[in-house]
Every structure is written in C-alpha cells, then in structure tokens.
Amino acid sequence: MKLVVVSAGLSVPSSTRLLADRLAAATGRYASVDVQVVELRDLAVEIAHNFTSGFPGRALSAALEAVTEADGLIVVTPVFSASYSGLFKSFFDVLDQDALTGKPVLIAATGGSARHSLVLEHALRPLFAYLRAVVVPTAVYAASEDWGAEGLAERIDRAAGELGRLMEGLGSGAGAVRGADVADTAGVADEADSSVVVDTDTAAAIAPRSLDGALASADRFTVIPFEQQLAALRP
C-alpha cells in the first residue's frame with residue numbers, strides 16, 4: 001500500500017519533517033506500506049503559479065497525483081497564527097475536492113508552545129472532515145518541549161497504529177461489494193456523495209435489506225455509503 005506524507009515544514013532541518021518521518025516509520029510497524037514524502041517547501045512557487053494560471057507545474061502535478069492515488073496520508077504542518085500554515089492550506093486548496101474522499105488521514109502539527117495544541121481540533125480536523133477524508137481519532141501535536149520528553153512516542157505509536165490498521169482494513173476490501181453484486185449496487189455507489197466507517201454491528205442495523213450479504217468487512221469495520229444510511233432512515 002502507498003502511504004504519502006505531506007510535510008509543510010519550512011526550515012532545514014525541520015521539526016515538522018522529523019515528526020512526519022517518525023509517524024511514517026511507526027505506521028510501517030502496523031501495515032506494509034511504501035512511503036513517499038511530499039515536501040511543500042519545494043512546491044511553494046508552483047502552488048502560487050497554479051492559483052494564477054490554473055495549471056499545476058510538473059512537480060506539483062506529480063505531488064497532487066501521489067496524494068490522490070495514496071492509500072493513506074500523514075499530513076503535518078507547523079503552527080502559524082494559531083492555525084495551519086498558508087502553504088499547507090494552499091496545497092490542499094489546489095487539490096481536487098474529491099481526491100481525499102474516504103481516504104485515511106493522520107493529522108499532526110508542530111509548534112513552539114503546547115498552547116497551540118488545539119489547532120489539531122479547531123483547524124486541521126474540520127478541514128479534512130470537509131474534504132470527506134477519514135481522519136484517525138488520535139492526532140499528534142509536538143511542542144518544542146515534547147522532543148525527548150515522555151508521552152510523544154506513545155502518541156505517535158497510538159496514532160500510527162490507528163492509521164495502519166485502517167489502511168489494512170480498507171485495503172483488504174472493507175466496505176466493498178464483491179463479484180456479481182458490484183453491477184447490482186453500482187448505481188447506489190455512484191449516487192453516494194460520501195462514506196463513513198462504522199462498527200459492523202451498526203452497519204448490520206442500517207444497511208438496506210437489498211444488500212444483505214453484499215457488504216465486506218475487515219476486523220469490525222464496514223464502509224457504508226451515505227446514501228444507504230439515508231435510505232435506511234426514510235419512513
């Protein structure tokens with residue numbers, strides 16, 4: 001599986017890139033992944049030109065394609081003015097709005113003070129929820145004092161484990177329909193504008209009767225298209 005790491009660090013060396021590398025290495029302990037790193041610092045000029053011309057340069061186009069085709073993402077940004085950096089946001093602004101739909105994403109950030117740790121919840125998580133990605137529950141923030149201190153390694157491992165297991169689950173066919181059932185349910189899949197990952201017990205309760213036995217699951221998770229959930233709630 002392909003894991004793409006998006007790092008918005010600006011300095012060399014960068015604590016943002018260091019955190020990204022540690023998260024990628026930890027994820028590799030939970031899933032078999034090929035890691036590709038996208039350094040936004042190297043794409044800054046092309047990102048700006050894309051806004052004015054409407055066309056990505058060669059390097060930016062390759063980065064956008066890598067993110068779109070990834071099986072999972074790790075995204076890490078430094079904190080500027082209590083939010084993600086402008087470069088970080090600009091990259092995802094030029095990405096196709098449907099590119100991250102249903103894609104597992106681990107969010108992380110670095111900053112000089114622990115006071116900015118809530119940036120993960122008030123800025124990054126809403127951004128990727130809007131892009132309809134599946135954001136893992138544990139986000140990782142690393143302040144300057146966290147490096148070498150207790151707690152950071154555990155948070156990295158917990159978040160990486162959640163991402164790795166989710167990638168393995170979706171990669172093995174969770175939420176997909178198999179065989180001849182694909183043709184029967186293609187219309188439903190095309191009309192669905194988003195999907196969520198839910199517990200298998202919950203899925204059994206809300207899945208339409210016409211799709212009994214068609215849903216595949218990995219561990220205890222199944223992807224249920226939003227349209228199917230809505231249909232199950234209609235009187």
Side-chain angles (χ1 to χ4, degrees), residues 1-8 16 19-20 23-24 26-27 30-31 33-38 40 43 47 60 63-77 79 83-109 118-141 155-156 158-176 189-199 202-203 218-219 221-230:
M1 290 184 295
K2 183 178 180 181
L3 173 65
V4 173
V5 179
V6 178
S7 172
T16 300
L19 179 58
L23 287 166
T27 303
Y30 293 92
V33 294
D34 294 320
V35 179
Q36 178 179 347
V37 178
V38 174
L40 298 188
L43 301 173
I47 291 173
L60 177 58
L64 295 173
E65 182 179 358
V67 168
T68 300
E69 295 179 352
D71 297 299
L73 291 179
I74 294 174
V75 297
V76 191
T77 178
V79 175
S83 188
Y84 36 63
S85 71
L87 179 60
F88 181 87
K89 179 60 162 57
S90 295
F91 176 77
F92 289 101
D93 282 343
V94 300
L95 184 69
D96 185 273
Q97 63 178 359
D98 296 322
L100 299 187
T101 300
K103 197 181 300 294
V105 176
L106 191 166
I107 57 175
L118 287 179
V119 69
L120 295 165
E121 304 303 327
H122 75 67
L124 269 76
R125 196 177 295 276
L127 170 63
F128 289 96
Y130 174 78
L131 294 173
R132 293 178 290 180
V134 181
V135 185
V136 301
T138 301
V140 180
Y141 180 83
R155 296 199 305 274
I156 288 174
R158 182 167 65 247
E162 292 168 356
L163 178 63
R165 286 188 290 267
L166 184 56
M167 289 177 64
E168 287 282 6
L170 295 179
S172 64
D190 289 341
E191 294 174 3
D193 61 357
S194 64
S195 302
V196 296
V197 179
V198 299
D199 186 274
T202 305
D219 296 327
F221 295 95
T222 301
V223 177
I224 302 297
F226 176 76
E227 183 65 25
Q228 294 182 24
Q229 301 173 58
L230 185 61

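None of these values were measured; they are calculated from a predicted model.
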Only counting residues at least two apart or in another chain, list the ones meeting side chain to side chain contact (heavy atoms under 4.5 Å, CB included) with Ala109.
Thr77, Val79, Val119, Leu120, Tyr141

Reported CG-to-CG distance for the pair Leu131 and Asp98, which is rounded to 0.5 angstrom:
9.5 Å

NZ/NE/NH1/NH2 to OD/OE distance under 4.0 Å, Lys103 and Asp71
no

Which distance, rounded to the nearest 0.5 Å, do you find between the OH of Tyr84 and the CG of Leu127?
5.0 Å

Nearest 0.5 Å, what's the OH-CG distance between Tyr130 and Leu100?
12.0 Å

Rounded to the nearest 0.5 Å, how far does NZ of Lys2 lie from CD of Glu69?
5.5 Å

What's the spacing between Phe88 CZ and Ser7 OG if we round to 0.5 Å?
9.5 Å

Can you tell which of Leu23, Leu106, Leu73, Ile74 makes a side chain to side chain contact (heavy atoms under 4.5 Å, CB included) with Leu3?
Ile74

Does any part of the side chain of Val134, heavy atoms only, come nearer than 4.5 Å to the side chain of Phe128, both counted from C-beta?
no

Among all residues two or more places apart in sequence or in another chain, which pass the side chain to side chain contact (heavy atoms under 4.5 Å, CB included) test with Asp93?
Phe51, Lys89

Do the side chains of Ile47 and Leu60 get nearer than 4.5 Å, heavy atoms only?
yes

Test item: Val76 and Val6 side chains (from C-beta on) under 4.5 Å apart, heavy atoms
no

Which atom names give the shortest non-hydrogen contact between Ala133 and Val105, and what distance separates them?
CB-CG2, 3.7 Å

Which heavy-atom pair separates Ala160 from Ala26 by the least distance, and what is that distance?
CB-CB, 3.4 Å

Are Val4 and Val38 close enough, and set up right, to give a side-chain contact (heavy atoms from CB on, under 4.5 Å), and what steps lead you there?
CA-CA 7 Å; Val4 173; Val38 174; 3.9 Å; yes

Between Thr16 and Ala8, what is the shortest heavy-atom contact and its length?
CG2-N, 4.0 Å

Heavy-atom closest pair (Ala159 atom, Val140 atom, distance to 0.1 Å) is CB-CG2, 3.7 Å

Ring pair (Phe, Tyr, Trp, His ring centres under 6.0 Å) partners for Tyr30, two or more places apart:
none

Atom pair CG/CZ of Leu118 and Arg125 - distance to nearest 0.5 Å
11.5 Å

